[in-house]
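Each remark here refers to the structure printed beneath this line.
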Amino acid sequence: MSTAAGDVEEMAVRDVINQTLGEEMERDDRVYIQGIDVSGRGGTSNILKGLDDRFGTDRVRNTPISEVSMVGSGLGAAATGMRPVVEVMYCGFLGVAGDQLLNQVAKMRYMFGGELDLPMVIRTKNVMGANAAAQHSQALHHWLAAIPGLKVVCTSTPADTKGLLKAAVRSDDPVIVFEHGGVYNRKAEVPTEDYVYEIGEAAIERPGDDVTVVATQNQLWNALEAADRLSAEGISVEVVNPRTISPLDTETIVESARKTGRCVVVDDTPLSYGTQSQLSATISEGAFWDLDLPVKRLGVDNVPIPFSPTLEDEVIPGTDDVVDAILDLA
Amino acid sequence: MSTAAGDVEEMAVRDVINQTLGEEMERDDRVYIQGIDVSGRGGTSNILKGLDDRFGTDRVRNTPISEVSMVGSGLGAAATGMRPVVEVMYCGFLGVAGDQLLNQVAKMRYMFGGELDLPMVIRTKNVMGANAAAQHSQALHHWLAAIPGLKVVCTSTPADTKGLLKAAVRSDDPVIVFEHGGVYNRKAEVPTEDYVYEIGEAAIERPGDDVTVVATQNQLWNALEAADRLSAEGISVEVVNPRTISPLDTETIVESARKTGRCVVVDDTPLSYGTQSQLSATISEGAFWDLDLPVKRLGVDNVPIPFSPTLEDEVIPGTDDVVDAILDLA
Amino acid sequence: MSSQGERSAAIADQERIEMLRTMVRIRKFESVIQNKFADAEVPGFLHLYIGQEAIATGVCQALEERDYLTSTHRGHGHCIARGLETDRMAAELYGKETGYCKGKGGSMHIADVNAGMLGANGIVAGGIPIATGAALSAKMRDTDEVAVSFFGDGALSEGAFHESFNQAGIWDLPLLGIVENNQYGEMTGLEEQHPPSALDDLTIYGEPYGVTRMRVDGMDVEAVYEATLEAVEQARNGDGPALIECVGYRFEGHHEGDSQFYRPDGELEEWKQRDPLLTYPRKLIDDGVLTEEEHQEIEAEIEAEIEDAIEFARNSDYPDPQQAYEGVYSDGGEQA
Amino acid sequence: MSSQGERSAAIADQERIEMLRTMVRIRKFESVIQNKFADAEVPGFLHLYIGQEAIATGVCQALEERDYLTSTHRGHGHCIARGLETDRMAAELYGKETGYCKGKGGSMHIADVNAGMLGANGIVAGGIPIATGAALSAKMRDTDEVAVSFFGDGALSEGAFHESFNQAGIWDLPLLGIVENNQYGEMTGLEEQHPPSALDDLTIYGEPYGVTRMRVDGMDVEAVYEATLEAVEQARNGDGPALIECVGYRFEGHHEGDSQFYRPDGELEEWKQRDPLLTYPRKLIDDGVLTEEEHQEIEAEIEAEIEDAIEFARNSDYPDPQQAYEGVYSDGGEQA
Ligand SMILES: Cc1ncc(C[n+]2csc(CCOP(=O)(O)OP(=O)(O)O)c2C)c(N)n1
Ligand SMILES: Cc1ncc(C[n+]2csc(CCOP(=O)(O)OP(=O)(O)O)c2C)c(N)n1
Ligand SMILES: [Mg+2]
Ligand SMILES: [Mg+2]
């Protein structure tokens, strides 16, 4: 990883995505975008606005409403000299392309003997808290991480969005980039220079001594806020951003757990078979001798996400829930 | 659960499936089967042989090669008075019906307010060790268990095959039944009377004191064999069969772990984000104060399954691996 | 557009008035909901059916109570035309416990299984396999029930459409596909979403499956009604599936908040001249079936109904948070 | 079956002999592998192409080195016709490290990306979207490369076929679909898998997408060759996709071990009279392009080649178990 020294700029996550993809398309003319309404509307949440004008509709290419073909043809293009960035508007639509993800994208290199580069990015977004109901409100990075052969990253902050998206576009492997609708408008400083994060490296977003919180995306922001609040009460919280969901940076995460001896893992995936279970297992086994208390999993209860605000609020953890979980351990 | 007292019969798993479905079709004429070649060939591995002659091709219904429609139309039929049993030949083909599973089958009852019965079974098989390569050699019960709203069971023995399959067919919820190609020809005693297992209940297959092994399907047979071998060395192994993967019988599993203080979890899903991680997290948290050593996960390394026998043998745990894992803890 | 032959003169006056009432109800319901959404009273996403009322209305008028239907993200019109109550619909959109889905579904998932309405669906083409299964079930249970699936032009590009109609073609299922061609899939016009070979007649997508193909003016409720009647009769008689393209236009954005940058100048205005909410009452008045006063009365009556519906929704309670854990399974609770 | 017009007299003698050689190579390779499988030397599943040799051969003869192809579970014929070496193919089927996929793929996943062969595929219709992407890439990179996807009659029922050809139709991609109609999908005949409307001409599945439709005798290698030439030329010229149905028959079971209970009496024998491995040499001899002795020489030469290939496979090493962890990613290792 080469984090930046030097100039920084305050930017929203949404603008970072647009800028980063623009830079990568300038840099390499094999990079192109395909998906629903990526031209005109600028794709999901209008993130790509203007890229069609800059690069033309050949490279910012509207597909029909055909997720199988969108993902599958991206794979074929990647295998033959292009570097597609496929947008799947909501992660809930990934299921339509289930076979492409499970059997083609994930397995093609390996099955063919390991030598075929497949430089392909699939961008999609997790959505929670938008009253979008069960099909549109989902977080599914655990679901793709459960498929060996896929690299899966979660972007959370403006800075990691840039570093991870560049890494994904430049990788010769398929990388699934999960964005999150709830952080698109979050702003923070981003180094202006060109930098690429290592896929597979977690980051300590905020160092601390008493409790470790491992958190992604929206929950990372909640965790940082919780840490702020609790520091006033004299509790020092270390916040870890896994960045990559698969492969997971076990070392960094376990090391933090061993230091604090107390861990909360919080994520928007379901409590059973979600990211939290993988984190809890990893930490429980790896920091076994240093844990003072059981790892605490926080996430979405095992229900589809309900529509009504009172119900949705109930099932998705908020900052208060993170605070409470930390207090339970501290 | 009403386990049987009374007569038993020695049967192979494959014959139990055929017999059980036949019984349920006799019992309730809304039960019908659809899938590829279910008539004629008798479906995948010829398991259903003869059911077409008994019940006609209207109730043992060959579909075109269309997993989306096969699963989706099953759902529609279940919502309107039928009780379909859909066969998906290999679990690796579930991805084709990804949206149906993720967004329709799993969420329909909940989204619609909770009152719509969806009595639907999807039978599929995990396959390992058949040199079938990455798309056909997969175990994917963790992948469906990761979707809230689906009940997922794994059948392992002749007796649980009968009890679980009856439970699935009689359930008013969609139940995904994972069979395993590697146990179809396993034989053991099955009670002849009609009985139904509770979905969500694990079973102690073999009681023991020193180490708990939680294992499914093929690995359950390996675990039982390992337990046999080790008893000769004076190590007493308790073998737990989860039966249901989602919802998991946390209580039974954790109780066993608390008793022995040492746990191996072994399953054919991948080591990351697989069933083992869910089990390890559950046990590590729930039996925290009683564990003497970290839980040991055993499973398929994080690669697609390779074709060549030397490679496939390397990545799938066998009885020796289970023995070694137990010895590491004992 | 293929002509429907001579229009049967046989549509009873009462049916014509009923269809007008249904269209008025859809339009007024949605116009009010549109405002309430703008006022942030209605949460989530909102895809309005305004402009397409003649389609749902004409189709549902041709159905019997025992028939089934599946709908889309743009489903309010289908629900109302099917006879769902506007109060429980409004309550659902408001996220209240008195809603059709107890607040769990919202606009994109309204369903009333008791009315054979197997749900709106947030996945493009998601309802088609479900309707296919209902058609199969109808046939296996030896009934003459028919299943109707509404979907947009965009859904024709999804594999689910293809697999379902292929299966329906093989099994001769009583499945009726209503392609609501409203000229756009989201913000993209048809010509980017369908091959040139299909643009003039989207029912060509049904050609491989041997479906009966019809194409009607989706702004003409009677044309839609009559085509559907014919297709339904055929399906009930065991003569298999049909695909009806209803050519229309949506007057509002894809969803509320859509800037509608993509509409060519004048296009909307031109289509609005064919607004069934203008043309149909005029026609009924011309035909002597309705007086201007009766028309006003209908409007007023339905306005009052919708007002009541909104009041009902407003006055209903939000579900208790604990209800979030209910209803995943038949045995009540959530996953362990 | 639509006639291909007068057969161009212009197929050079050498090409005809080349095609014969290819067909002989496929047949002999598979016949030997079939025996080795029976002897349990070849692990896994085996789907044989025997009977369909004229299809892969005719199609590949019409392609250039720069073109791409995707294949199916029944892929050996496509590989051989594409020019892959039988020794490395045999080694792959034996699970040896000298195989095309280093033993990781086996029969259902043979690939040689350097030869533009983007893989057999264990998922029915799984290769079609990949070929579509190759066609897109060809177009975006401003080449005149063409992508050919082989698939069975059964694949036409999968959504992936539909989405891909729809997209190819919209984007005018140089995509060529070869429907190998061998009368069965697994153990089920066409009439249970396709609507009556499609049975007489499966290319009707391409009708909505505006593809060029052709239907040829899949036992006639020259008919296949000429149809493909025409479709390829059109695709190279930017005139978009085509779908060619090649009507043939598979002489062996769906996979080895299949009891073939489903074949009507006499059906196999009837088709075997049209076996291209019988008819084509006869024709070439009749046409004076080949002598009986030359034919025998070809057979003998290829038999020897296959024998060598099997020896190569047998003598190669199994991959070291540790290689299982290599090749998931470009950076080598497995997932952490
Ligand atoms: C599988 C899937 N892909 C994409 C979307 C996003 N989406 C919602 S509505 C829509 C357009 C649908 O167009 P059409 O079928 O013509 O219906 P219309 O909105 O015009 O009524 C899209 C792409 C979705 N909901 N589901
Ligand atoms: C998605 C999927 N569903 C089912 C199968 C199982 N299967 C393997 S081959 C086959 C039949 C394919 O028929 P066809 O396309 O006609 O090819 P053929 O075997 O006749 O060459 C089936 C159903 C599969 N491999 N993939
Ligand atoms: Mg539309
Ligand atoms: Mg076939």
Side-chain angles (χ1 to χ4, degrees), chain B residues 35-46 49 52 57 61-70 72 89-90 92-100 127 129-138 270-274 300-316, chain D residues 42-45 73 92-97 99 101-109 120-126 152-161 185-190 192-195 254 258-259 261-262 317-329 333-336:
Chain B
I36 294 170
D37 283 342
V38 290
S39 159
R41 178 193 198 167
T44 198
S45 303
N46 314 100
K49 200 86 195 170
D52 52 353
T57 53
R61 178 172 280 269
N62 282 346
T63 64
I65 310 176
S66 306
E67 282 77 9
V68 172
S69 177
M70 193 187 305
M89 300 176 60
Y90 283 76
F93 310 161
L94 289 170
V96 183
D99 177 63
Q100 298 304 309
V127 173
N131 308 123
Q135 292 173 339
H136 286 70
S137 273
Q138 305 196 53
L271 277 177
S272 289
Y273 297 92
V300 171
D301 297 291
N302 295 320
V303 297
I305 305 298
F307 163 68
S308 179
T310 57
L311 302 175
E312 191 179 19
D313 288 352
E314 168 65 24
V315 301
I316 305 175
Chain D
V42 171
F45 296 159
H73 56 287
E92 188 59 35
L93 300 191
Y94 271 72
K96 299 300 181 75
E97 66 171 355
C101 309
K102 303 181 185 166
K104 291 204 169 90
S107 169
M108 277 193 287
H109 307 293
N121 209 307
I123 298 296
V124 171
D153 43 277
L156 295 168
S157 298
E158 290 280 10
F161 161 79
E186 288 209 348
M187 292 76 179
T188 298
L190 293 187
E192 282 187 62
Q193 306 212 30
H194 304 285
H254 167 61
D258 171 6
S259 74
F261 65 88
Y262 47 85
D317 289 329
Y318 284 106
D320 182 277
Q322 289 309 306
Q323 290 183 25
Y325 307 109
E326 292 165 13
V328 187
Y329 298 125
E334 69 163 317
Q335 237 159 289

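Quick caveat: nothing in here was measured; it's all calculated off a predicted structure. Computed over heavy atoms, backbone and side chain alike; hydrogens, waters and symmetry mates excluded. Just so we're on the same page: letters track the sequence lines, and every chain starts at 1.
Closest approach of B:Pro309 and D:Tyr318 over heavy atoms only: CD-CE2, 4.4 Å. Between D:Ala324 and B:Val315, the closest heavy-atom pair is CB-CG1, 3.6 Å. Taking both residues in full, the closest heavy atoms of D:Val328 and B:Asn302 are given as CG2-O, 4.5 Å, listed atom of the first, atom of the second, then distance.
Contact annotation: the side chain of D:His73 never approaches that of B:His136 to less than 4.5 Å [non-hydrogen atoms, C-beta and beyond]. In this structure, B:Glu314 and D:Tyr325 have side chains that are in contact, with non-hydrogen atoms separated by less than 4.5 Å. Two residues are said to be in side-chain contact when any heavy atoms from C-beta on lie closer than 4.5 Å; B:Phe307 and D:Pro43 meet this criterion. Side-chain contact between B:Gln135 and D:Asn121: present, with at least one pair of heavy atoms (C-beta onward) separated by less than 4.5 Å.
Options D:Gly103, D:Ala125, D:Ser259 differ in how many heavy-atom pairs under 4.5 Å they form with chain B, and the most are formed by D:Gly103. Options B:Asp37, B:Leu271, B:Asn46 differ in how many heavy-atom pairs under 4.5 Å they form with chain D, and the most are formed by B:Asp37. Interface summary for chain B: among D:Gln193, D:Lys104, D:Glu158, the most heavy-atom pairs under 4.5 angstrom belong to D:Glu158. The residue among D:Glu192, D:Glu186, D:His194 with the most heavy atom pairs within less than 4.5 Å of chain B is D:Glu186.
For a residue to count as touching a neighbouring chain, one of its non-hydrogen atoms must lie under 4.5 Å from one of that chain's; by this rule B:Ile36 touches chain D with the side chain only. In this structure, the portion of B:Pro304 lying under 4.5 Å from any heavy atom of chain D is its side chain and not its backbone. No part of B:Glu312 comes within reach of chain D, as not one of its non-hydrogen atoms sits under 4.5 angstrom from that chain. Of the atoms belonging to B:Ala132, heavy atoms from both backbone and side chain fall under 4.5 Å from chain D. With a threshold of 4.5 angstrom between heavy atoms, B:Met70 does not approach chain D through any atom at all. Neither the backbone nor the side chain of D:Leu190 comes within contact range of chain B; no heavy atoms are under 4.5 Å apart. For D:Met108, the part lying under 4.5 angstrom from a heavy atom of chain B is the side chain only.
Note that CD1 of B:Ile65 is 7.5 Å distant from CG of D:Asp153, once rounded to the nearest 0.5 Å. Distance OG/B:Ser308 to CD/D:Gln323: 9.0 Å, rounded to 0.5 Å. With values rounded to the nearest 0.5 angstrom, D:Asp258 atom CG is found 7.5 Å from B:Arg41 atom CZ.
Remark: D:Tyr94 engages no residue in a ring-ring contact (aromatic ring centres under 6.0 Å, His included) (not counting sequence neighbours). Residues meeting the ring-ring contact (aromatic ring centres under 6.0 Å, His included) test with D:Tyr262, sequence neighbours left out: D:Tyr184.
A distance-only check finds no donor-acceptor pair linking the side chain of D:Ser157 to the backbone of B:Ser66 [under 3.5 Å].
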